[in-house]
Amino acid sequence: MFHFLILGGIVFAADAFFASARKEQIIVDQITIDYLVARQENIELRDIPPQEVEDLITAHVEDEILYREAYKRGLNEGDSRMRRNMILKMRGLLVAELDTPTDQQLKDFYQSSRERYTSEEQFQVDHVYFRDEASVPDGLLEQLDQGADFRSVSERYTPTFGRSSVQATRSELAEIFGKEAGLTVVNAKSDAWMGPFSSSNGIHFVRRTGLTPPQLAKFEEVEPYLLMDWQSEEARKLIEVELETVRNDYDVVVERE
């Protein structure tokens, strides 16, 4: 009897081992993690804390699962922009038809999602642009600090449609002026001119002239969008349930250095 128990244990362990081996493996290596973090930091102009790094990894794994499930179901056929579109198709396939919410449900959703309807802080920035270093006049920073007309000095900058004064969020600052100049604006303690800063577009001088804090939109202002947002949130919950079902078919390995 004892021998049968040992044999049974060995068979059970072997079956578990080979079942694990049969699972598709998803490997998230350090290079991938570094890429995910760097991309998010460039967007948000801030360091990403450890918990949010874990959230980025989780989202990456979920997208990879959806991509592979979409491929198994043939959703790649006739799709030239394959990966992103396959993930979107798979999300749509997993979502059942949703009921129409009541007015009270929408009001409750608004109250529980106040952060969603709170605008980002907006930075007011004056800007001087040159396409290269050779075009920058000598002593420009001192001239700007002494009150020189920055609008007449600057070359035309296409990303701001030629405007020398703009209002932008953190992520927009990085897109418009580059990461270094964007971070400098965010951390500025005065309205002094700063620069020069190099980006892929050229040379920038910037100064922060104001800051509008985050503001919560009124219910009436966002009411036209609430139904779509509510449906999107309910769909996300359904997708999470379905993901839990198919996640068991994958062996996720996170490799950290």
Side-chain angles (χ1 to χ4, degrees), residues 29-57 59-60 84 114-217 221-222 256-257:
D29 57 21
Q30 190 63 51
I31 293 176
T32 301
I33 295 171
D34 291 343
Y35 167 76
L36 295 172
V37 172
R39 182 180 64 180
Q40 199 65 21
E41 287 181 341
N42 285 337
I43 292 173
E44 299 190 21
L45 292 180
R46 65 184 180 91
D47 293 333
I48 304 301
Q51 181 52 55
E52 292 186 32
V53 173
E54 296 305 317
D55 293 341
L56 291 174
I57 294 172
H60 174 77
R84 189 69 241 163
R114 292 167 68 89
E115 185 176 345
R116 181 196 292 254
Y117 302 110
T118 299
S119 64
E120 294 184 60
E121 57 188 353
Q122 297 271 341
F123 297 86
Q124 288 81 49
V125 183
D126 290 339
H127 172 237
V128 174
Y129 165 75
F130 300 94
R131 57 180 81 83
D132 54 47
E133 289 185 13
S135 304
V136 180
D138 293 335
L140 177 62
L141 193 59
E142 290 77 11
Q143 295 173 35
L144 292 172
D145 281 333
Q146 292 170 9
D149 182 5
F150 63 93
R151 291 181 176 85
S152 63
V153 172
S154 179
E155 296 179 3
R156 189 179 191 282
Y157 190 45
T158 302
T160 63
F161 302 99
R163 292 174 297 166
S164 296
S165 296
V166 298
Q167 178 167 282
T169 64
R170 284 176 179 247
S171 58
E172 289 168 344
L173 288 174
E175 292 175 5
I176 297 171
F177 306 127
K179 183 177 180 180
E180 184 183 7
L183 277 171
T184 301
V185 169
V186 169
N187 296 320
K189 304 300 182 185
S190 71
D191 62 355
W193 281 97
M194 298 166 289
F197 302 102
S198 297
S199 77
S200 58
N201 293 319
I203 306 299
H204 309 269
F205 293 81
V206 295
R207 70 172 175 181
R208 189 172 107 182
T209 59
L211 173 65
T212 302
Q215 296 179 343
L216 174 66
E221 294 173 334
V222 298
R256 300 180 188 273
E257 293 181 357

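If you're wondering where the values come from, they're calculated on a predicted model, not measured in any experiment. Atoms considered below: every heavy atom in the structure, side chains included; atoms not considered: hydrogens, waters and symmetry mates.
Residues satisfying the ring pair (Phe, Tyr, Trp, His ring centres under 6.0 Å) criterion with Tyr129, sequence neighbours excluded, are Tyr157, His204. For Arg256, the salt bridge (charged side-chain N to carboxylate O under 4.0 Å, His left out) test picks out Glu54, with sequence neighbours left out. By the salt bridge (charged side-chain N to carboxylate O under 4.0 Å, His left out) test, Arg208 pairs with no residue at all, sequence neighbours left out. Applying the salt bridge (charged side-chain N to carboxylate O under 4.0 Å, His left out) criterion to Glu120, with sequence neighbours excluded, gives no partner residue. Partners of Thr209 by side-chain contact (heavy atoms from CB on, under 4.5 Å), not counting sequence neighbours, listed by chain and number: Gln124, Asp126, Arg207. By the side-chain contact (heavy atoms from CB on, under 4.5 Å) test, Pro50 is found to be paired with no residue, residues two or more places apart in sequence or in another chain being considered. Taking Ala217 as the reference, Glu221, Val222 meet the side-chain contact (heavy atoms from CB on, under 4.5 Å) condition, with sequence neighbours excluded. For Arg151, the salt bridge (charged side-chain N to carboxylate O under 4.0 Å, His left out) test picks out no residue, with sequence neighbours left out.
Rounding to the nearest 0.5 Å gives a distance of 15.5 Å between CD of Gln30 and OH of Tyr35. Here the CD atom belonging to Gln167 is positioned 9.5 Å from the CG atom belonging to Leu211, to the nearest 0.5 angstrom.
Applying the salt bridge (charged side-chain N to carboxylate O under 4.0 Å, His left out) rule to pairs touching residues 33-46 yields Glu44-Arg46, Arg46-Glu52, sequence neighbours excluded. Within the structure, the side-chain hydrogen bond (donor to acceptor under 3.5 Å, both in side chains) test picks out the following pairs touching residues 178-197 (sequence neighbours left out): Asn42-Lys179. Within the structure, salt bridge (charged side-chain N to carboxylate O under 4.0 Å, His left out) pairs that include any residue of residues 131-140 comprise Arg131-Glu155 (at least two apart or interchain).
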Sequence neighbours left out, cut at 3.5 Å: what donor-acceptor pairs do the side chains of residues 171-178 make with other protein atoms?
residue	atom	partner	partner atom	Å
Ser171	OG	Thr169	OG1	3.3
Glu172	OE1	Thr169	N	2.8
Glu172	OE1	Thr169	OG1	3.3

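The minimum heavy-atom distance linking Arg114 with Thr118 is given by the pair O-OG1, 2.8 Å. Contact between Phe150 and His127 at its shortest, heavy atoms only, is CD1-O, 4.1 Å.
Residues Pro213 and Glu121 have side chains not in contact (no heavy-atom distance under 4.5 Å, counting atoms from C-beta outward).
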